[in-house]
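Here is how names work: the chains are called A, B, and so on, in the same order as the sequence lines, proteins then strands, and each is numbered from 1.
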Amino acid sequence: MLSIENLHVSVGDKQILKGISLNIGHGEVHAIMGPNGSGKSTLAHVLAGRDGYTVNSGTVRYNGVDLLDLAPEERAREGVFLAFQYPVEIPGVSNIVLLKAALNSIRKHKGLDELDAMDFISLVKSKTKLVDMDEKFLYRAVNEGFSGGEKKRNEILQMAVLEPRLAILDETDSGLDIDAIKIVSDGVNALRSEDRSIVLVTHYQRLLDYIKPDFVHVLAGGRIVKSGDASLALELEDRGYGWVQQHAGA
Amino acid sequence: MSTSTQEIEKLIGQDYKQGFVTDLDADTFPPGLNEDVIAAISAKKKEPEFLLEWRLKAYRHWLTLKSPEWAFVKFPPIDYQAMSYYSAPKDKGDGPKSIEEVDPKLLETYKKLGIPLAEQERLAGVAVDAIFDSVSVATTFKEKLAEAGVIFCPISEAVQTHPELVQQYLGSVVPVSDNYFAALNSAVFTDGSFVFIPKGVRCPMELSTYFRINAANTGQFERTLIIAEESSHVSYLEGCTAPMRDENQLHAAVVELVALDNAEIKYSTVQNWYPGDENGVGGIYNFVTKRGDCRGQNSKISWTQVETGSAITWKYPSCVLTGDNSVGEFYSVALTNNHQQADTGTKMIHIGKNTRSTIISKGISAGKAQNIYRGLVKVLKGAENARNYTQCDSLLIGDKCGAHTFPYMEIRQPTAQVEHEASTSKISEDQLFYCMQRGISAEDAVCMIVNGFCKEVFKELPMEFAVEAQALLGISLEGSVG
């Protein structure tokens with residue numbers, strides 16, 4: 001469903017991604033691991049369509065369309081979802097208002113009617129249980145005054161409501177304690193399905209104890225230097241990133 | 001990372017939907033201002049002698065004053081001899097008529113503005129006084145209000161029918177010598193609304209006045225007077241629009257409110273005068289003096305304003321808290337875009353004991369606009385236990401606009417408690433991207449964030465107005481493309 005071919009990306013004069021190729025099938029869970037500065041978050045942002053990155057060459061096909069050709073909101077409406085590493089605070093705008101605007105714009109794109117207030121509320125309330133979130137959070141301003149764990153749970157709640165076809169989770173485990181990782185992972189696992197592909201971008205193996213990936217890729221120096229199954233993550237944990245980097249250099 | 005400031009700026013291009021001109025025969029005075037012109041206005045209105053004297057006194061005082069320069073706004077000197085001080089649609093006989101007699105062109109104009117005047121069409125539960133240039137063209141629901149003892153009519157009519165009330169209260173809150181524009185208004189005001197709520201009456205419906213400037217090269221000087229007797233209650237709304245023109249036009253209004261013991265007045269404004277084009281050409285100069293006197297004990301006056309229009313806004317709706325335990329409130333949203341300038345805020349003057357005031361100001365600046373909050377909290381010696389809470393928040397959209405806050409405090413009473421909070425924030429690229437990543441267009445995201453920022457003020461508006469205000473912000477922020 002997602003096919004990245006030889007993707008080169010720079011920020012200003014700096015080359016960040018130097019030829020990434022990756023194929024993701026329907027319902028697959030891929031983990032992208034790598035040391036700091038390897039380009040993991042850049043890849044996530046480029047897929048979501050963030051400003052400030054220059055794609056120098058390469059292609060990204062998503063369900064048969066050129067993903068890079070779409071505006072960020074069009075990608076979102078087509079089912080691409082990014083769970084942010086640092087979800088932004090939007091004072092004055094309540095969670096429920098954002099969720100409603102988001103869901104209705106996606107439904108409109110699909111040619112569906114907007115959900116009425118009652119149906120929407122009951123849908124959202126049912127999803128809050130997935131991430132063990134108090135309904136009161138729905139009426140608070142988006143991420144304002146949320147703890148790190150609450151912000152990440154809120155991202156997963158949005159994912160649950162918007163039901164993307166491709167979910168990219170950018171360092172969703174960073175800054176979380178074990179209990180919070182467990183809640184977030186349970187939420188993500190509940191959302192695994194045949195028609196939803198998931199990309200986990202993470203620095204640490206520990207997230208993968210909770211969300212079992214089908215494939216693991218190691219990104220270093222802007223390239224994928226090693227790919228394998230879930231056991232690759234364990235090996236990395238043992239031997240460190242230095243091992244693959246040497247491996248790549250060799 | 002590159003900024004998307006330019007994109008944001010594209011989003012907030014103006015689209016002024018009320019900019020049309022109604023073509024009709026008007027009875028317009030030639031430009032110029034002198035005592036003869038004032039006498040002619042007074043004669044047109046068949047005013048009693050005292051009022052002409054009052055006007056002339058104001059005019060003579062005005063001649064001694066200079067245009068104020070302390071506000072943070074820039075404009076070329078106004079030539080007061082180059083504009084006309086009276087313009088009224090022809091065929092309008094003496095005094096207001098019934099709706100059936102109003103020129104259909106005028107009814108059409110108000111209909112286009114979303115204010116259907118014909119009673120069978122009008123919004124249920126809201127009485128409207130429609131002021132077109134210098135005169136009131138229609139007032140709805142007068143009979144029904146009269147049953148409750150409420151007087152709601154053009155001030156020019158009140159001068160005829162209730163001269164004693166006008167004489168007693170006119171200028172009692174804003175004296176003719178108050179300031180430059182108030183003095184000018186006192187000399188040349190042509191119409192406005194008059195409201196009188198008798199003792200113990202809760203006004204059975206919302207009252208509203210809709211101001212429309214149509215004629216070119218004229219100033220609009222309206223005068224509104226609202227009196228709430230003991231234990232009465234009234235909610236009053238005003239709306240304003242004008243055609244798009246390259247010349248600036250002056251709107252210098254005075255609004256006076258008087259609340260006696262236990263009375264409450266809620267005054268809401270949605271101001272959408274033509275703001276000028278994206279290069280700053282044209283637009284209304286909105287130089288307005290609004291003041292309420294909480295004259296009685298336990299009285300309350302609440303101002304709510306949503307200011308999106310005008311090239312320049314100079315306006316400080318204020319409360320004089322004379323009565324013990326009286327309450328003053330000011331809730332404001334001021335949005336400036338392109339080259340608009342707004343210097344707006346409030347004054348809360350605490351005179352009585354245990355008086356309380358609240359100020360919530362939300363300034364939004366986009367384009368090259370300047371948005372200024374200027375407020376005074378003054379606690380006099382006798383105002384024991386006075387309390388004030390002030391919150392001023394500014395939101396910037398793009399990086400060429402400005403927001404400034406000038407809070408003044410004069411506290412002469414040691415038991416007073418005065419709090420001031422201020423914040424400035426910017427709609428960030430991160431916030432926009434976050435919303436877009438959830439499928440929301442940048443335009444809708446800006447609108448959603450701005451509406452969220454203004455929420456505390458919108459909830460003070462009467463229901464129908466809150467919806468209108470949100471829509472108006474949406475239009476003011478709408479992209480010029482699509």
Student check: side-chain heavy atoms of [X] and [Y] closer than 4.5 Å:
X: I449(B); Y: P91(A); result: no
X: R438(B); Y: L103(A); result: no
X: S441(B); Y: R77(A); result: yes
X: L98(A); Y: I440(B); result: yes
X: D444(B); Y: S105(A); result: no
X: E429(B); Y: D51(A); result: yes

Contact part of [X] toward chain B, heavy-atom cut-off under 4.5 Å: side chain, backbone, both or neither?
X: E74(A); result: neither
X: P164(A); result: neither
X: V142(A); result: side chain

> Picking from I106(A), L82(A), V80(A), which has the most non-hydrogen pairs under 4.5 angstrom with chain B?
Replying inline: L82(A)

>> Below 4.5 Å, heavy-atom pairs only: which of A101(A), A141(A), S94(A) has the largest tally toward chain B?
In response: A101(A)

> Where do Q437(B) and A76(A) come nearest, in terms of heavy atoms and distance?
Replying inline: O-CB, 3.0 Å

>> Ignoring hydrogens, what is the shortest heavy-atom contact between C435(B) and I90(A)? Give both atom names and the distance.
In response: SG-CD1, 3.7 Å

> Looking at CZ of R50(A) and CG of D430(B), how far apart are the two atoms once the value is rounded to the nearest 0.5 Å?
Replying inline: 4.5 Å

> Can you say whether the rings of Y434(B) and F84(A) are parallel (under 30°), tilted (30 to 60°) or perpendicular (over 60°)?
Replying inline: tilted

